Amino acid sequence: MELFNLKDTGQRVSFSEALQKGLGSNQGLFFPAQIPKFDDIDALLELDLVTRSSTILGRIIGSEISQQDMADIVSTAFSFEAPLVAVDDNIFCLELFHGPTLAFKDFGGRFMAQCLAKIAGDRPITILTATSGDTGAAVAHAFHGLANIQVVILYPKGKISLLQEKMFATLGGNIRTVAIKGDFDHCQQLVKSAFDDAKVREDIHLNSANSINISRLLAQVCYYFEAFAQLPEDKRDNVVISIPSGNFGNLTAAMLAKTMGLPIKHFVAATNSNDTVPRFLKTGEWAPAPTVATMSNAMDVSQPNNWPRIEALFEFDYLDKDVLSGQAVDEDYTQLAMKQLAQVGYVSEPHAAVAYRALTKQLSEGQTGIFLGTAHPAKFKESVENVLGQPISLPPELAECAGKEILSVELDNDFDQLKDYLYRELNIQP
Ligand SMILES: *Cc1c(COP(=O)(O)O)cnc(C)c1O
């Protein structure tokens with residue numbers, strides 16, 4: 001597979017380079033030089049999730065990863081299901097939250113981790129990443145126990161929920177967690193300083209695991225095929241998919257799936273009040289407003305970092321602009337959607353509720369609607385209980401870690417302290 005940098009089209013890289021680099025020069029995103037189009041969609045839809053996904057990913061990525069390795073990677077990474085659940089005659093929820101950290105980020109995170117482990121082979125590598133909550137858990141669980149890979153996760157001390165902290169700071173082994181006395185931006189800056197320091201980068205074999213990594217998007221393409229495979233055949237012709245969006249990785253993956261031949265009719269870019277994209281689609285003006293806090297906090301993003309990839313799909317004529325429309329949903333309608341879903345017997349959380357509301361606003365007669373369930377309702381226990389007035393029980397994954405001890409160390413927001421810590425912990429001579 002060849003990819004190029006959207007900000008420096010002369011920079012061409014292989015899949016494994018893009019995987020390890022994350023971002024290209026000038027902070028540019030990597031984009032596939034060719035996107036394959038499959039002419040055997042019906043046959044693909046007959047396969048099971050793991051077989052189909054390793055076939056699809058094998059075709060996209062090509063000979064850099066052998067067929068056998070790809071089969072191993074995918075069966076380890078996608079070790080849980082993505083059920084399509086009917087909530088109404090013509091509306092379905094694709095539940096992507098049955099992985100170990102109960103959010104769709106497990107798909108991309110686990111595939112990325114398995115690919116890195118295969119490509120690194122016996123070379124030691126260190127993953128250094130900053131998290132404001134959910135990504136940390138997905139990354140930590142995805143890499144936990146992998147040989148030759150050390151993971152260091154920085155997060156702002158006291159600024160994430162206790163349950164979130166427990167999901168990644170209690171694992172131990174090759175997962176080290178550092179509570180920084182500062183905010184999320186400080187954590188990101190420390191990570192950036194480490195990558196900017198050539199000696200540190202070499203000495204500790206730094207690798208990126210950030211959310212714009214192309215491997216994550218390729219993994220996410222697979223569950224859109226899974227959604228169609230579970231749809232009754234007479235409902236596959238006129239499908240509208242509504243995607244609760246923050247950084248727009250999920251929507252990019254859906255649009256890649258269509259480019260590859262999956263017959264999705266229309267996409268709804270569903271956002272909360274951070275509505276840069278829906279406004280842009282309406283007015284043509286890119287005008288990010290200051291980010292506001294909402295119940296669907298994983299989508300509190302006003303400058304979505306995957307958007308240039310969606311623009312590229314239009315610009316290179318892979319897709320027509322009218323396949324996409326936007327829909328912003330405010331807090332009141334998010335709550336209303338949660339209540340409406342509960343009335344038909346479906347307990348949901350704020351992110352999926354935004355997508356459901358956006359879908360019902362735009363779905364017309366004769367169409368089949370799918371909205372994505374991106375997180376387990378128990379992950380947003382408090383707001384779900386507040387809105388629905390009924391208790392939510394913790395699934396075993398959350399209940400188990402809630403009782404464990406947090407293993408993090410605390411550091412000041414100071415790069416020298418972090419450097420000392422890294423060399424000491426990883427047993428490397430400065
Ligand atoms: C990350 C996240 C989103 C947003 O996904 P993007 O790919 O960034 O658009 C939506 N819902 C939940 C629960 C998330 O964790």
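Since the model is a prediction, treat every value here as computed from it, not as a measurement. Whatever order the structure lists ligands and atoms in, that order sets their numbers, starting from 1.
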[atom] - nearest protein heavy atom and its distance:
atom: atom 12 (C) of ligand 1; answer: Thr374 OG1, 3.4 Å
atom: atom 8 (O) of ligand 1; answer: Asn247 N, 2.8 Å
atom: atom 7 (O) of ligand 1; answer: Asn250 N, 2.9 Å
atom: atom 2 (C) of ligand 1; answer: Lys105 NZ, 2.5 Å

Pairs of nitrogen or oxygen atoms closer than 3.5 Å, one from [X] and one from ligand 1: do any exist?
X: Gln220; value: no
X: Ala298; value: no
X: Gly246; value: yes
X: Ser245; value: no
X: His351; value: no

Check: Thr334/Glu331 side-chain N/O donor and acceptor closer than 3.5 Å: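 No, Glu331 and Thr334 have no side-chain donor paired with an acceptor closer than 3.5 Å.
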Under 3.5 Å side-chain donor-acceptor pair for Gln34 and Glu2: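 No donor-acceptor contact under 3.5 Å links the two side chains.
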Those residues that, when tested against Phe380, pass ring-ring contact (aromatic ring centres under 6.0 Å, His included) (two or more places apart):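 For Phe380 the ring-ring contact (aromatic ring centres under 6.0 Å, His included) partners, ignoring immediate neighbours, are His351.
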contact_flag Phe104 ligand 1 heavy-atom lt 4.0 Å: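 Judged by the 4.0 Å heavy-atom criterion, Phe104 does count as contacting ligand 1.
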Contact check, Pro244 vs ligand 1, heavy-atom distance below 4.0 Å: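 Contact check Pro244 vs ligand 1: positive.
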Which of the ligand 1 atoms, numbered from 1, are nearer than 4.0 Å to a heavy atom of Ala375: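 Per the distance check, 13 (C).
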Sub-4.0 Å atoms of ligand 1 with respect to non-hydrogen atoms of Gly249: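 Close to Gly249: 6 (P), 7 (O), 9 (O).
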Part of Met299 within contact of ligand 1 (heavy atoms, under 4.0 Å):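 Under 4.0 Å from ligand 1, Met299 contributes side-chain atoms alone.
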Whether Phe107 and Tyr223 hold their rings parallel, tilted or perpendicular, with breakpoints at 30° and 60°: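 Aromatic pair Phe107/Tyr223 classed perpendicular.
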Geometric class of the Phe371/Tyr346 ring pair [parallel <30°, tilted 30-60°, perpendicular >60°]: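 Correct class here is perpendicular.
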Ring center gap for His98 and Phe80 short of 6.0 angstrom: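 Ring centres of Phe80 and His98 not closer than 6.0 Å.
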Aromatic contact, Tyr155 with Phe184 (centres under 6.0 Å):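 Ring centres of Phe184 and Tyr155 not closer than 6.0 Å.
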Side-chain heavy atoms of Ile406 within contact of Lys166, under 4.5 Å: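 They are in contact (side-chain heavy atoms under 4.5 Å apart), so the answer is yes.
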pair Phe168-Cys401: side-chain heavy atoms closer than 4.5 Å: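 With C-beta onward as the side chain, the pair stays apart.
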